[in-house]
Amino acid sequence: MDNSPPQQLTPSQKQAVCHIEGPLLVLAGPGSGKTRVITHRIAALIDSGVRPYNICAITFTNKAAEEMRQRAFALGASAGAHISTFHSLCVRLLRRHADKAGVKSNFSIYDQADQRRCIKQAVKDCQLDTTNFPPAKILDAVSTLKNKLIDAKPFEENADDFFSKTLAHIYLRYQHLLGERNSLDFDDLLMKTAFLLEGCPDVNAEIGNRFKFVLIDEYQDTNHAQYRIAKALVAQHNNICATGDPDQSIYRWRGADIHNILAFESDWPEATIIKLEENFRSTPNILTAADNLIANNRKRKLKKLLPTRPEGGDIVITASDNETAEARSIARHIEELIDQNAALNDIAVFYRVNSMSRTLEEAFIHAKVPYQIVRGVEFYNRKEIRDILAYLKTIVNPDDEVALLRIINTPTRGIGKVTIDRVRAYAADSRISLFEAIKRAEHIDTLSNSAKGRLAAFADMFRRFAKANLGPAAPLAEIVFVESGLADSLLAAGVEGKDASENANELINAAADYDRKADEPSLIDYLQEISLFSDADAYDPTAGRVALMTLHAAKGLEFENVFIVGVEEGLLPHERTNSHDDLDELEEERRLFFVGITRAKTNLHLSYAQYRTIRGQCLRTIPSQFLFELGCTFEEQQFEDDEDDFDDWEYEDSTESIPTVRFAVGQLVRHQSFGLGRVTEFVDVGENSTVTVKFNTGQTKSLMIKYACLEKA
DNA sequence: CTTGAGTTGGTTTTT
DNA sequence: CCAACTCAAG
């Protein structure tokens with residue numbers, strides 16, 4: 001049961017803990033006790049006389065930060081060290097030095113949905129068409145620029161081609177809109193902090209006095225902005241300890257630059273490098289499979305995966321007819337595990353895309369398997385929650401037009417499009433904010449008297465809210481929920497609104513929870529904190545439920561029994577990654593699978609479906625190339641569903657293959673011209689079946705069986 | 001001003 | 001396939 005690292009630290013772990021002064025890179029493989037090393041290190045630093053106040057540890061998620069605080073505390077480290085994510089640290093620094101950073105301290109933080117709306121607005125403002133300039137693409141480009149710390153103005157100055165120039169316009173407009181609304185997006189938090197630290201000597205000096213020892217976890221997933229922040233944080237003392245694993249870098253698409261960790265030695269030439277290659281988590285066969293898989297990546301630092309656990313456990317690959325059968329198969333396997341006394345907390349199911357959770361959920365409900373879907377942000381994306389939060393955001397930051405427009409007529413209070421347009425026009429003319437204009441509604445001549453009255457009532461409501469904004473978040477959230485009329489409107493919606501009401505109450509409870517935990521609770525702080533919530537933060541390891549999550553969310557976790565579903569071409573690697581043409585993309589998908597596999601302590605269960613319904617279309621699938629790279633011999637089970645309600649045609653369809661020569665993966669074959677080789681993949685699509693063969697000449701070929709004349713050797 | 005029917009378009013992972 | 005948006009009727 002307990003596979004935690006040995007009580008005694010291993011020599012290399014000890015070395016990493018005790019290396020106090022100077023830059024240190026800990027290259028830690030999965031399950032190497034990395035977290036343990038970091039917490040011990042924090043404790044050791046404090047032990048050796050460093051004040052907790054002078055320590056800054058940066059984690060990847062809030063959850064990880066929380067855990068690290070507790071663990072360090074359990075090791076006897078006194079409280080006081082700053083432990084948070086990069087983003088939370090940035091929020092703190094930007095609020096503290098708001099004037100120097102060029103922001104107001106009550107800024108809102110834009111999430112993805114807000115960003116998209118805002119960029120859309122910016123595109124329109126530039127008189128451009130959203131079909132030629134899709135907001136999602138533009139947002140991506142802007143985000144990339146920000147992650148590289150290229151601000152709008154310098155970008156515009158250097159833009160020479162048409163697209164860059166247009167992009168520059170949109171980027172400038174977007175930043176302008178954000179500024180007007182006193183809002184920052186996720187990338188701004190990093191970019192503005194980097195500029196603040198690099199551009200203000202006094203802030204930098206203050207940082208130097210404060211943070212004398214800096215620890216950064218998951219360094220392989222830092223982007224350029226985070227790298228520059230890290231550099232600035234350690235500039236004066238050079239005491240950086242970065243930990244990470246290049247093989248677990250899975251956020252390239254978000255700007256993470258694997259180069260940061262690969263080039264650590266050239267950044268800090270005097271750096272000590274310590275490798276943690278022993279694995280205390282997984283059984284040898286799981287590690288062999290993981291190692292075989294990742295060996296296919298060409299661009300990597302070689303690192304061993306040394307097992308310390310005895311043999312045991314299974315790797316099982318299941319092929320099911322379709323995703324429903326796959327989900328049932330998983331549910332049944334879980335029932336078996338439960339029969340063998342496995343704890344529900346010890347079981348997890350991973351998938352590549354969130355939409356795959358639906359089918360699993362249905363199967364688990366049917367089989368009465370308790371589960372939790374680890375998706376923290378989902379709660380905050382619900383309409384009723386976003387509504388309440390929009391009220392709260394407007395209280396804190398009346399310039400946040402997105403929030404204001406969301407709730408100005410929610411619930412409906414007779415302030416429609418026409419009225420809003422007139423107020424906006426007035427606001428633009430008088431060069432005041434929309435909220436300011438609403439307060440002056442009675443002076444707006446274009447408005448009808450009834451509209452004036454409604455706007456006045458709206459403004460009055462916010463005056464009452466402002467008076468009630470006295471620290472703790474929960475009481476205000478409750479007042480807002482009731483006085484805004486949201487509570488009544490949900491009540492009026494009957495059954496439909498019942499869930500929504502419960503969610504609203506849950507939000508108020510969550511706020512109360514925050515109030516209890518925070519040193520100095522405030523609405524601003526609360527809003528900024530929940531903006532930085534991540535999916536993984538919602539994971540409750542003590543829930544007594546099977547955990548369902550994306551492969552990305554699985555990072556940093558471990559389970560006795562791991563299921564990975566949908567191990568198919570197009571899904572893992574995902575087709576949208578362009579991994580067909582781009583080797584880097586393919587390698588990242590492989591790392592993602594590697595991360596998934598190495599979460600498993602004892603039993604690993606991989607599965608794919610032969611047909612999968614995607615966007616309503618039932619399509620034939622191909623097992624993922626990654627499956628064949630695992631290399632170890634495994635028992636492949638064909639899952640047969642014995643329930644009667646299974647659609648007949650699916651059987652027909654899948655059994656109606658034209659008789660053709662079949663090849664097993666691993667089969668030795670001979671080809672007339674290429675000679676001997678081994679089958680690495682067999683794609684069964686009837687008469688057009690193909691095999692991929694790795695020939696002894698070194699080349700790998702995909703061949704159509706009906707033409708290739710392969711013979712089994 | 002609100003509502004609902006109809007259309008369009010986007011469709012991975014997330015701080 | 002679903003969510004977000006548009007538009008016309010009430």
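Reminder, nothing fancy here: chain letters follow the sequence lines and each chain counts from 1.
When the C1' atom of B:dT15 is taken as reference, atom CG of A:L189 falls 9 Å away, rounded to whole Å. One can place CG of A:D217 at 15 Å from P of B:dT15, the figure rounded to the nearest angstrom. Put simply, CZ on A:R422 is 12 Å from C1' on B:dC1, counting in whole angstrom units. C:dC2 atom P lies 14 Å from atom CD1 of A:I614, rounded to whole Å. Separating the CG atom of A:N381 from the P atom of B:dT14 is a distance of 11 Å, rounded to the nearest angstrom. With rounding to whole Å, A:R116 atom CZ is found 10 Å from C:dC5 atom P. Distance, A:E575 CD to B:dG10 P: 16 Å, rounded to whole Å. If you measure from atom CG of A:L551 to atom P of B:dT14, you get 10 Å, rounded to the nearest angstrom.
The shortest distance between the side-chain N/O atoms of A:T550 and the OP1/OP2 oxygens of B:dT12 is not below 4.0 Å. Taking 4.0 angstrom as the limit, A:T85 places none of its side-chain polar atoms (N or O) nearer than this to OP1 or OP2 of B:dT15. Contact check, A:N354 against B:dT14: a side-chain N or O comes under 4.0 Å of OP1 or OP2. Close to B:dT14, at under 4.0 Å from its OP1 or OP2, lies no side-chain N or O of A:K555.
Without hydrogens or angle criteria, A:N322 side chain to A:A325 main chain gives a donor-acceptor distance under 3.5 Å. Checking side-chain atoms of A:N397 against main-chain N and O of A:F107 turns up no donor-acceptor pair under 3.5 Å. Side chain of A:D321 to main chain of A:Y611: no donor-acceptor pair is present (N/O by atom type, distance under 3.5 Å, no hydrogens or angles).
Comparing B:dT12, B:dT14, B:dT15 by their closest approach to the side chain of A:R375 singles out B:dT14. Across B:dT2, B:dT15, B:dT14, the shortest atom-to-atom separation from the side chain of A:H552 is found for B:dT14. Of all nucleotides listed (B:dT13, C:dC5, B:dT14), C:dC5 comes nearest to the side chain of A:K120. Checked against B:dT15, B:dT2, B:dT14, the side chain of A:N409 finds its nearest nucleotide in B:dT2. Checked against B:dT11, B:dT15, B:dT13, the side chain of A:R254 finds its nearest nucleotide in B:dT15. Picking from B:dC1, B:dT14, B:dT12 the nucleotide with the shortest atom distance to the side chain of A:V353 gives B:dT12.
Here, B:dT13 and C:dA4 have their C1' atoms 22 Å apart, quoted to the whole Å.
Residue contacts for A:F533: at a heavy-atom cut-off of 4.0 Å it reaches the sugar-phosphate backbone alone, with no base atom in range. A:D111 comes within 4.0 angstrom of nothing in the nucleic acid, heavy atoms only. Across all strands, A:T419 comes closer than 4.0 Å only to sugar-phosphate atoms, never to a base (heavy-atom distances).
Of the N and O atoms on the side chains of A:T222 and A:N260, at least one donor lies less than 3.5 Å from an acceptor on the other residue. In summary, the side chains of A:D247 and A:N297 do not present any donor paired with an acceptor at a separation below 3.5 Å, with no hydrogens or angles considered.
For the ring-ring contact (aromatic ring centres under 6.0 Å, His included) with A:H552, the qualifying choice from A:W253, A:F593, A:F60 is A:W253, the only one to do so.
Mapping A:H574 and A:L532 onto DNA chain B via the closest heavy atom, the residue that lands nearer the 5' end is A:H574. Positionally, the nearest nucleotide of DNA chain B for A:K417 lies more toward the 5' end than for the other of A:K417 and A:E585.
Taking a centre distance below 5.5 Å and an interplanar angle below 30 degrees as the stacking criterion, A:W253 stacks against the six-membered base ring of B:dT13.
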